[in-house]
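Data block below; observations after.
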Amino acid sequence: MPFRLLLLTLLMVAAAPLCRADDGYRLWLKYDLVADAGQRAQYRAAAQHIAFEGKDAVLQTAATELQRGLQGLLGQPVPVLAKAAAGSTKHGILLEIAPPTNVSGSAQTVLESYRIFSRGAQLVVAGGSGAGVIYGVFALLRQVQTGQPLAGLNVSSRPRIQYRLLNHWDNPNGTVERGYAGSSIWKWNELPQRLDPRYTDYARANASIGLNGVAINNVNASARYLTAEYLQKVKALAGVFRPYGIRVYLSVFWAAPKVIGGLKTADPLDPQVKQWWAAKSEEIYQAIPDFGGFLVKANSEGEPGPQDYGRTHADGANMLAAALGTHDGIVMWRAFVYKAGSGDRFKQAYEDFKLLDGQFAPRVLVQVKNGPIDFQAREPFHPLFGAMPKTPLVLEVQLTQEYLGMATHWVYLAPLFKECLDSDTQTKGPGSTVAKVVDGSLDQHRISGIAGVANIGTDRNWTGHPMAQANWYAFGRLAWDYTLTAKAIATEWTKMTLTREPQAVATIVEVMDKSRDIYVRYTTPLGLHHIMGQNIHYGPEPWLADAGRPDWTAVYYHKADSAGLGFDRTAKGSNALALYSPGVQKEWGDAKTTPLNYLLWFHHVGWRQPLPTGRTLWNELVTRYYTGADSVAWMQRRWATVQPKVDAALFADVAARLQIQQREAVWWRDACVLYFQTFSKQPIPKPFVPPTRTLAEVKTLVDLYQLK
Ligand code: BDP
């Protein structure tokens, strides 16, 4: 070998580990060379070119994305040709827009549907529109990324839910409410002139999992977004997202007509207010012709709203829907409302909204969180699901781990989302699942939606915890098709993102699948809820009795006393159970038939009460706290086994976060068992070893975290 070549080879070998280091930026769209040579050869033979015709912008993006993906995976150029130039005899991939005739569903979901099949030598990706093609293209890439054959491929798919959105809680100053992955990725000071390349990568990631909308700003909204200056910035973002089939939505500040419009009122029935919103909406559509619509948090946690003027949520939502005029937009009106001092918080959204069913204008959807309180680690489904048959309901879930350990605890959320979607409201007999309420099929709604509060920030790996990328991914996949299993989604994500080695995949998927249950065990077992640290919502603070309002304390929710533990929501208590259908009431109304996971949500149970596990409540509670904390050590051991199979930097990052999680699981355990022991007055059952620190010592940790 000539000396210079030898030197070059040596340099390349030395540089190789550096190239391998994976900072997580590429998410699940890695496109590294397919390692198996035989498999690679098969893919290469099938994908010699990409062909399409037409000027549709999303179709063109689809071709570029497919080219980028295949070139990386196959390690060879894959030319994009005009359909006529490609001919039909050579093996290649043809992209075409061909609205299917045999698919049922709303007009939009038909447009977004795709088919992948063989026609002669060609593999065809046919979409109902450019968006359909792009979803088909990412499905095809997923096939290759997960090592599936292309030959004989024959799949068709359409989304089950029409509006599939991320909700960003991002502020104009660059902070993110409840964000744990750095700052907002939107750089308002640079827009509209400079478009950070990250905006495109963000759009690619969303399109690859089937998301078609983005509400870009916090629901605690600044009126600033509606100013002419900011609308130019929003327009620039919309321009980046449009070729990926993604529409922009805005959260609006209810009192905007007063704050930036100079009006004296924001009363939805006031003619000037109506006029202001209509003009504002026209201005938005002039700038952004495909603007998606408005997301509204009103009369909630201090935000202004129509009730300030004696009007209802329906009055407010319908006024905004009217303001959209003939444009193709919607209003998503949030049902996350609760007033201080007006009974069980569990019931308040229901009491405000149930009566309004049937009063909302056709383009209004009411957006309901998965559970009745607030994104706890486990909640029963929100009683509004099934209770508003005349109103399309958007399911809102949280990807950012506000109450689930922020960015240090590894918690895979698909099991949580699935648990809610699969819950049976029984409102129209057995099988009336939340999923069927949300997709509109139970009550024959024309429109349907689902929203995930984003966990994305400026951290290089987007989500802080590397494994939290899976929550973004899983949300998109379930929004598209909620019948997918949490495990199947975890498997494809792991193969695309971390490793294809079968044993390592199986190990990682097993940990992911159990992680949410483990988190529940060491934080809020048996249906405990809202006992976390005040304000920052991190760590345990079950003793919290004094906060801005009673329903922000912990004691309001767990009701521990010398007799027992749990919130009695039966007829003897707050009677929140009465909000559910008779079938659900029957099961959950009796402590003996209530699933243990929901027990303390609905019943005040005696400390010595025996449970179906054979243990008393106290012993079961302690057992769960201890085994939950021990399970984090199990997660660590399992993670250690995959070290040779995953990127070294990523391995170390996750291992370090698991150490924190382990320490904090023990913190939760000690805090909760010691505090509840002051009521139960019973010993820690064997074989568990009592905490080595005192309750007073544990309490000081909260102060440390909250920087008091
Ligand atoms: C709670 C958050 C708060 C949000 C609110 C909401 O603590 O920051 O503004 O939900 O959803 O979970 O409006």
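Remember, predicted model here, so these are calculated numbers, not experimental data. Below, all heavy atoms of this structure are taken into account, side chains as well, without hydrogens, waters or symmetry copies. Just follow the structure's listing: the first ligand is 1, and inside any ligand the first atom is 1.
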Checking heavy atoms under 4.0 Å, the part of Glu402 that sits near ligand 1 is side chain
Fill in: Ionic contact status for Asp551 with Arg549, cut-off 4.0 Å
yes
**Asked** Are the charged groups of Lys559 and Asp568 less than 4.0 angstrom apart, N to O?
**Response** no
Report the C-alpha distance between Lys233 and Glu190 in whole Å, list the side-chain angles of each, state the deciding distance to 0.1 Å, and finish with yes or no for salt bridge (Lys or Arg N to Asp or Glu O under 4.0 Å).
CA-CA 9 Å; Lys233 299 172 191 279; Glu190 296 179 357; over 6 Å; no
Any heavy atom of Tyr403 under 4.0 Å from ligand 1? The part involved is side chain
Taking the six-membered ring of Tyr625 as reference, does the cationic atom of Arg669 (NZ for Lys, CZ for Arg) lie under 6.0 Å from its centre and within 45° of its axis? no
>> Between ligand 1 and Gln398, is the shortest N or O to N or O distance under 3.5 Å?
In response: no
So salt bridge (Lys or Arg N to Asp or Glu O under 4.0 Å) across residues 388-406, not counting sequence neighbours, yields Arg178-Glu402, Arg334-Glu396
(request) Identify whether the distance between the nearest side-chain nitrogen and carboxylate oxygen of Lys187 and Asp196 falls below 4.0 Å. (result) yes
Of all protein heavy atoms, the one nearest atom 5 (C) of ligand 1 is Glu301 OE1, 3.4 Å
Asn220 heavy atoms within 4.0 Å reach ligand 1 at atoms 9 (O)
Looking only at N/O atoms, are Glu177 and ligand 1 under 3.5 Å apart anywhere? yes
Within 4.0 Å of some non-hydrogen atom of Trp169, the atoms of ligand 1 are 4 (C), 6 (C), 10 (O), 11 (O)
Next item on the list: Examine Asp374 against ligand 1 and note whether any of their N/O atoms are separated by less than 3.5 Å.
Entry: yes
Counting heavy atoms under 4.0 Å, the part of Asn218 that contacts ligand 1 is neither
Ligand 1 atoms nearer than 4.0 angstrom to some heavy atom of Phe336 are 5 (C), 6 (C), 10 (O), 11 (O), 13 (O)
### Task
Flag Arg178 as yes when one of its N or O atoms lies below 3.5 Å from any N or O atom of ligand 1, and as no otherwise.
yes
Quick test of your reading of the model: are Lys436 and Asp443 salt-bridged, counting only N-O distances below 4.0 Å?
no
For atom 10 (O) of ligand 1, the closest protein heavy atom turns out to be Lys369 NZ, 3.0 Å
Check the surroundings of atom CG in Asp546: do more than 12 heavy atoms from other residues, nucleotides or ligands lie under 6.0 Å from it? no
Exercise for the section: Could you tell me how the ring of Trp169 sits relative to the ring of Phe375: parallel (under 30°), tilted (30 to 60°) or perpendicular (over 60°)? Expected result: tilted
If you scan protein heavy atoms around atom 13 (O) of ligand 1, the nearest is Lys297 NZ, 2.6 Å
